[in-house]
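Since the model is a prediction, treat every value here as computed from it, not as a measurement. Chain A is the first sequence line, chain B the second, and so forth, proteins listed ahead of strands; every chain is numbered from 1.
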Protein chains: 2
Amino acid sequence: MRPIRIEDPQDPRVAAYLDIRERDLAGRQGRFVAEGKVVLEMLLAANRFSAESVLVLENRLAGLFWTLRKAPADLPVYVAASEIMDRIAGFHMHRGILAIGRKGAAQPAEALLDTLPARALIVVLVGIANHDNMGSIFRNAAAFGADAVFLDATCCDPLYRKAIRVSVGAALKVPFASFTETIGFTAALDRLGFGQFALSPRGQTGIRDAKGTERLALYLGTEGEGLPESLLARLRTVRIDMAEGFDSLNVAAASAIALHHFSASRT
Amino acid sequence: MRPIRIEDPQDPRVAAYLDIRERDLAGRQGRFVAEGKVVLEMLLAANRFSAESVLVLENRLAGLFWTLRKAPADLPVYVAASEIMDRIAGFHMHRGILAIGRKGAAQPAEALLDTLPARALIVVLVGIANHDNMGSIFRNAAAFGADAVFLDATCCDPLYRKAIRVSVGAALKVPFASFTETIGFTAALDRLGFGQFALSPRGQTGIRDAKGTERLALYLGTEGEGLPESLLARLRTVRIDMAEGFDSLNVAAASAIALHHFSASRT
């Protein structure tokens with residue numbers, strides 16, 4: 001690995017890093033940005049996505065020696081002084097470690113379902129549009145060994161820079177796929193033998209009493225409106241009991257409690 | 001309640017709202033900023049802090065009619081057009097609802113301890129310096145009926161604007177106090193009959209097997225370093241079991257799981 005020094009913020013070799021914040025919103029043509037050492041290690045280790053290049057602040061390079069040893073020998077590693085790096089990224093990059101990954105072709109939900117083992121825990125997200133929540137849910141999914149995450153068409157992208165960062169790289173590790181039509185997807189899970197549980201403040205069963213199934217799908221909806229009634233009617237609804245007068249739990253916190261519960265209630 | 005129209009961003013009556021982001025960092029002399037309708041309602045309902053004034057975008061005023069009916073009759077309600085409000089706050093205020101609250105005199109930890117009932121669940125925070133985590137922990141504390149939160153001297157301020165917002169107002173509801181010296185505080189809890197549990201990845205007991213006590217203190221430390229060994233040696237340590245190869249859980253997610261567990265294991 002021979003680091004390549006970048007002296008000019010307009011150098012075409014680092015074009016993918018230009019104005020990172022602006023580009024997040026506009027999308028980036030099949031690429032994503034990984035930030036920080038832990039996320040970079042996950043990108044290189046997880047083997048789900050390929051890294052296209054790395055851009056590192058010059059004083060961070062030594063600390064990445066062992067991390068970059070695990071990278072393919074031909075992975076370009078660009079190094080820049082702080083001032084150049086800030087001008088490339090378009091804001092002050094105090095972390096100083098960036099990488100560009102390639103998304104590759106999106107896997108259809110059906111194909112991902114086919115890869116799941118006989119004993120499987122999956123998360124189904126409907127309308128999760130906040131990148132913090134998305135990242136946190138992926139982090140919890142990884143922490144409790146979920147096999148995959150499935151997203152409806154109204155969810156935000158787990159490979160958005162902030163979602164990856166909040167997930168501490170779990171978005172690069174836990175397989176995910178999008179489905180187009182929720183009721184059809186639910187029917188497919190039924191056929192595949194999944195017990196289907198939905199978290200809802202008005203759930204019929206307290207989660208402590210909810211007994212898991214060998215194949216288990218956990219549905220999570222948006223905080224405000226929750227999962228649509230037409231969907232809840234088809235699922236086993238589970239609630240997390242709370243103190244009176246405060247029935248509000250963040251969806252990521254709820255996912256932690258539910259995944260913790262179901263990761264064990266199936267053993 | 002007669003709204004007072006503000007036409008000039010430099011009007012001294014809205015001086016407390018000037019350049020909100022900058023002032024967050026500099027502190028604001030015993031005041032805090034509450035943002036959004038839900039948080040404003042919590043401020044007015046919780047009675048822990050007094051509101052000094054409210055600043056509302058003109059098109060949001062009608063929607064606050066019932067909220068402001070609950071406010072003291074002499075609470076100044078300032079109304080501004082979008083452009084004026086943005087110039088006051090120093091950035092684009094799309095939510096359009098702000099209030100200034102007074103912190104009042106800080107309650108000593110000992111005084112707050114004296115108010116706790118015979119059966120009590122409290123949270124003890126050591127080194128929680130991230131406002132997102134602080135806000136989320138307060139939200140979870142409220143959701144699971146914790147009676148109070150105690151903070152060591154290295155924790156950030158729960159009344160920072162973002163912490164209040166993330167807590168959805170719980171930071172204005174759940175009583176809290178700071179202590180100066182952790183080991184001394186731990187000894188005081190001992191004398192008061194608290195079972196003291198610390199979450200730690202290397203905890204001795206899996207949390208599912210941890211039986212709560214009638215008076216229970218849950219200690220949470222920073223994500224990176226965790227609670228100091230000298231402290232862990234004095235407490236019952238509890239771990240949250242995770243999937244192999246990913247032993248990383250956000251401290252707020254961990255607090256949700258632990259509070260959910262202990263809120264019931266004591267009944």
Side-chain angles (χ1 to χ4, degrees), chain A residues 38-39 41-42 45-46 121 130 132-133 135-147 162 165-174 199 201 206-209 223-224 239-265 267, chain B residues 38-39 41-42 45-46 121 130 132-133 135-147 162 165-174 199 201 206-209 223-224 239-265 267:
Chain A
V38 176
V39 172
E41 285 176 351
M42 198 77 94
L121 172 61
N130 174 293
D132 272 297
N133 286 337
S136 298
I137 291 169
F138 266 86
R139 185 172 178 180
N140 294 335
F144 295 113
D147 297 285
K162 193 179 186 192
R165 191 179 69 215
V166 171
S167 82
V168 197
L172 305 178
K173 187 184 178 191
V174 181
L199 269 192
I207 192 160
R208 294 187 183 88
D209 302 318
E223 281 191 59
R239 67 176 188 278
I240 295 173
D241 288 315
M242 280 172 250
E244 267 180 72
F246 201 90
D247 64 347
S248 159
L249 202 60
N250 169 271
V251 64
S255 79
I257 292 168
L259 286 165
H260 178 252
H261 174 77
F262 284 124
S263 69
S265 88
T267 44
Chain B
V38 175
V39 173
E41 286 176 348
M42 198 76 93
L121 171 60
N130 175 292
D132 274 296
N133 287 336
S136 298
I137 291 170
F138 266 86
R139 185 172 179 182
N140 295 335
F144 296 113
D147 297 284
K162 193 179 185 191
R165 191 180 70 217
V166 171
S167 82
V168 197
L172 305 178
K173 187 185 178 192
V174 181
L199 269 193
I207 193 160
R208 294 186 183 88
D209 301 320
E223 282 191 59
R239 69 177 187 277
I240 296 172
D241 288 316
M242 281 173 250
E244 266 179 74
F246 200 89
D247 63 347
S248 159
L249 202 59
N250 169 270
V251 64
S255 79
I257 292 168
L259 287 165
H260 178 252
H261 174 77
F262 284 124
S263 69
S265 87
T267 45

Check your understanding: Looking only at heavy atoms, what is the nearest atom pair of B/His261 and A/Arg208, with distance?
Key -> N-NH2, 4.5 Å
Point to revise | Greatest number of heavy atom pairs closer than 4.5 Å to chain B - which of A/Ser255, A/Ala258, A/Ala256, A/Ala252 | key: A/Ala256
Exercise for review: Specify the closest pair of heavy atoms between B/Leu249 and A/Asn140, including all atoms of both residues, with the distance to one decimal.
Suggested key: CD1-OD1, 3.5 Å
Revision key, fill the gap. In short, A/Ser248 meets B/Ala143 closest at the heavy-atom pair O-CB, 3.9 Å
Point to revise | Interatomic distance, A/Asp241 atom CG to B/His260 atom NE2 [nearest 0.5 angstrom] | key: 7.0 Å
Study note, to complete from the structure: Applying a strict 4.5 Å limit to non-hydrogen atoms, the region of A/Leu259 in contact with chain B is neither
Study note, to complete from the structure: So, the part of A/Asp132 with a heavy atom under 4.5 Å from chain B: the answer is neither
